[in-house]
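Right, one structure below, let's go through it.
First the proteins, then the strands, lettered A, B, ... as listed; each starts at 1.
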There are 2 protein chains.
Amino acid sequence: MDNLIKDFQVNCENCSLDAICLPRGLSRQEVEELSDVVKNDAVLQRGEYIYHQGDVFKGIMAIKSGSAKLVTNDDRGNEHILNVLLPGELIGFDGLNQNKHNCSAIALEVMGFCEIPADMFDDLCLKVPGIARELFKHSSETLNESQDLIVSSKRAAEEKLAMFLMSLSDRLKNRGFSPLAFNLPLTRQEMGDHLGLTLETVSRMLQQLQNNGLIEVQKKQIKIKDLQGLRNIYFSKTN
Amino acid sequence: MDNLIKDFQVNCENCSLDAICLPRGLSRQEVEELSDVVKNDAVLQRGEYIYHQGDVFKGIMAIKSGSAKLVTNDDRGNEHILNVLLPGELIGFDGLNQNKHNCSAIALEVMGFCEIPADMFDDLCLKVPGIARELFKHSSETLNESQDLIVSSKRAAEEKLAMFLMSLSDRLKNRGFSPLAFNLPLTRQEMGDHLGLTLETVSRMLQQLQNNGLIEVQKKQIKIKDLQGLRNIYFSKTN
DNA sequence: CGTATTATTGACTCCATTCAAAGATAGTGG
DNA sequence: CCACTATCTTTGAATGGAGTCAATAATACG
């Protein structure tokens, strides 16, 4: 392979996300082997699909830039957003059980991603000792996030919004972005589809959080004015 | 080891659940190797813990008989039941991410289980080629179940109950139990904690399903009179 | 038998939804 | 550049479904 070209390619070894993505727990040599099987040249526009619900298991994908949503549609035409994915996060685990994807993954904005193709998956687990464990960790993380959403589903509307903004803020911070000012990659409708609210309620609750001095909101731009205040809404409303 | 004793022990090779538990996708030899590391003599009473939230990752456990619940408690003293586990189902994946358990697992009745101890986990994945893939499948199944619960969290109370009973019925059927008559291992409060309802609403909705001729309910005994009717409540209420 | 736990049922309340209307924004083509 | 359309957002008023509070009944258990 031509070294000149190779030097300009982003691979796992020189990716800026290595500390939060799959390579985080791997040795230098393991990362090299991983890098060899990873395809990393895909770019999508908002609305384009990474995979469709029902597709044969495509592989495990890592978001490199931009963001995506995991979606399942019910028979009433309602869209349920199971998760919102940021750079460094892995998707595709939903396809491992029945060898077909249990939900769709859709780009929320211009988005780049890498891929461990399905036919490499088992092989890679055998060849690279640390990779199975690392994949289990990511899978477990996904599971824990789902469980957080289940807990949040039983809370009041204002608390759901507070927890959603906190979660975004925390995860953006981990990725080196500003935790206090960011753009929502979702419409009000999509936030509602994620949190189990109508778009009107989402709008009203964002307004309310702003009126209480916790955030500033202008369309999709969010500024967090009082992070601790946001946390207090979600936690310790005990008594 | 004494053959006489060994003959009386239940292990993976002679377990009746092998078709739905971990061994389902493994070769005969792989099952033997699995059997060697699995501890399978634990029995618990209702209310006893398999592991506590916050515990160091203990391992992956398989329910052998009885049932269990996965629970997380919030700071307001509310219990959230993330899942109900039946024989052949695996728990513990929540501990793989941070090497500590993210929820508690509690017996719902007299319950037996097997265990792949944490310190065997990585080793086993390396030695038995098929086991990692099989574990990923179970982990993925757990994830898909969580996502089903997220979808159900946005439905009306009656539909939540219908889908819960359907899910139990389907899973009991897979395990060779009657899908049309069974005992709920949960109290009304616990069903509420699982579905995001109050115990009063659970009681009322069970009553309502009975009045509509779909089930017969007497305390914890459930008889399903019209399985298709139950399904119709959850699905195709489109228009 | 008495106590604690669990379940049922009714009346009232409140929060999120629904329905409706208007305003803001982005994108397209003339 | 403006007009036009489609999409998204905000806001208000009315409705309804699940929660809350309360009382009673049934069951399990020591």
Side-chain angles (χ1 to χ4, degrees), chain A residues 45-47 69 76-81 106 108-110 152-164 183-212 215-222 233 237-239, chain B residues 45-47 69 74 76-81 106 108-110 152-165 183-212 215-222 233 237-239:
Chain A
Q45 303 297 313
R46 172 170 170 93
K69 60 179 177 181
R76 307 174 197 187
N78 297 318
E79 176 168 305
H80 301 267
I81 298 186
I106 306 175
L108 283 169
E109 55 197 311
V110 176
S152 126
S153 77
K154 297 167 189 171
R155 297 293 178 85
E158 189 190 26
E159 302 171 55
K160 289 182 180 182
L161 259 300
M163 109 106 217
F164 176 64
N183 276 357
L184 293 170
L186 303 168
T187 65
R188 303 287 188 263
Q189 176 70 57
E190 286 174 320
M191 282 189 270
D193 289 339
H194 183 46
L195 299 173
L197 300 170
T198 59
L199 68 98
E200 294 95 329
T201 302
V202 170
S203 180
R204 278 186 260 263
M205 291 302 130
L206 286 176
Q207 224 31 59
Q208 185 171 314
L209 290 173
Q210 177 168 257
N211 292 342
N212 295 339
I215 64 174
E216 261 178 35
V217 53
Q218 209 169 10
K219 301 288 166 196
K220 300 200 170 173
Q221 285 178 34
I222 297 284
I233 286 187
K237 224 178 189 177
T238 318
N239 35 28
Chain B
Q45 302 298 311
R46 171 170 170 94
K69 59 180 177 181
D74 64 20
R76 307 172 196 186
N78 297 319
E79 178 168 305
H80 302 267
I81 299 187
I106 307 176
L108 283 169
E109 55 195 313
V110 177
S152 126
S153 77
K154 297 165 188 170
R155 298 291 177 87
E158 188 190 27
E159 302 171 55
K160 288 182 181 182
L161 259 299
M163 107 104 219
F164 177 64
L165 294 177
N183 275 358
L184 293 168
L186 302 168
T187 65
R188 303 288 187 263
Q189 176 70 57
E190 286 173 320
M191 281 189 271
D193 289 340
H194 183 45
L195 299 173
L197 300 169
T198 59
L199 69 98
E200 294 95 329
T201 302
V202 171
S203 181
R204 277 186 261 261
M205 291 303 130
L206 286 176
Q207 226 28 62
Q208 186 171 313
L209 289 173
Q210 177 167 257
N211 292 341
N212 295 338
I215 64 173
E216 260 178 37
V217 54
Q218 207 168 12
K219 300 291 165 193
K220 300 198 169 172
Q221 286 177 34
I222 298 282
I233 286 186
K237 224 179 187 175
T238 317
N239 35 26

Within the distance-only criterion (no hydrogens, no angle test), does the side chain of B/K160 pair as donor or acceptor with the backbone N or O of B/V202 below 3.5 angstrom?
-> no
Does any N or O in the side chain of B/R188 come within less than 3.5 Å of the main-chain N or O of B/K219, such that one atom is a donor and the other an acceptor?
-> yes
For [X] and [N], give me the distance from atom [atom1] to atom [atom2], rounded to whole Å.
{"X": "B/L206", "N": "C/dT6", "atom1": "CG", "atom2": "C1'", "result": "14 Å"}
{"X": "B/Q210", "N": "C/dA7", "atom1": "CD", "atom2": "P", "result": "15 Å"}
{"X": "A/K219", "N": "C/dG23", "atom1": "NZ", "atom2": "P", "result": "13 Å"}
{"X": "A/Q218", "N": "C/dT25", "atom1": "CD", "atom2": "C1'", "result": "12 Å"}
{"X": "A/D193", "N": "D/dT9", "atom1": "CG", "atom2": "C1'", "result": "15 Å"}
{"X": "A/Q207", "N": "C/dC15", "atom1": "CD", "atom2": "C1'", "result": "18 Å"}
{"X": "A/M191", "N": "D/dC8", "atom1": "CE", "atom2": "C1'", "result": "11 Å"}
{"X": "B/L108", "N": "C/dT6", "atom1": "CG", "atom2": "P", "result": "12 Å"}

Should A/R155 and B/D74 count as an ion pair when the cut-off is N to O under 4.0 Å?
-> yes
So does A/E190 pair up with A/R46, basic N to acidic O under 4.0 Å?
-> yes
Assess whether one donor atom and one acceptor atom, taken from the side chain of A/E158 and the base of C/dC15, lie less than 3.5 Å apart.
->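 Counting by modelled atom types and ignoring angles, no donor-acceptor contact under 3.5 Å is found here.
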Can you find a donor-acceptor pair, distance only, under 3.5 Å between A/E200 side chain and C/dC19 base?
-> yes
Return the minimal non-hydrogen interatomic distance between B/L165 and B/L209, and the atom names on each side.
->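 Between these two residues, the closest heavy atoms are CD1-CD1, 4.1 Å.
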May I ask you to say what B/G192 touches in the nucleic acid, namely base, sugar-phosphate or nothing, with a heavy-atom cut-off under 4.0 Å?
-> nothing
Contact class for B/L197 vs. all strands (heavy atom < 4.0 Å): base, sugar-phosphate, or nothing?
->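 Sugar-phosphate, no base atom in range.
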Distance check: side-chain N/O of [X] vs OP1/OP2 of [N], anything under 4.0 Å?
{"X": "A/T198", "N": "C/dA16", "value": "no"}
{"X": "B/Q189", "N": "C/dT6", "value": "no"}
{"X": "B/T201", "N": "D/dG19", "value": "yes"}
{"X": "A/R204", "N": "D/dT10", "value": "no"}

Ignoring the backbone of [X], work out which of [options] is nearest its side chain.
{"X": "A/M205", "options": "D/dT9, C/dT8, C/dA16", "answer": "C/dA16"}
{"X": "A/R188", "options": "D/dT27, D/dT10, C/dT9", "answer": "D/dT10"}
{"X": "B/K220", "options": "D/dA18, C/dC19, C/dA7", "answer": "C/dA7"}

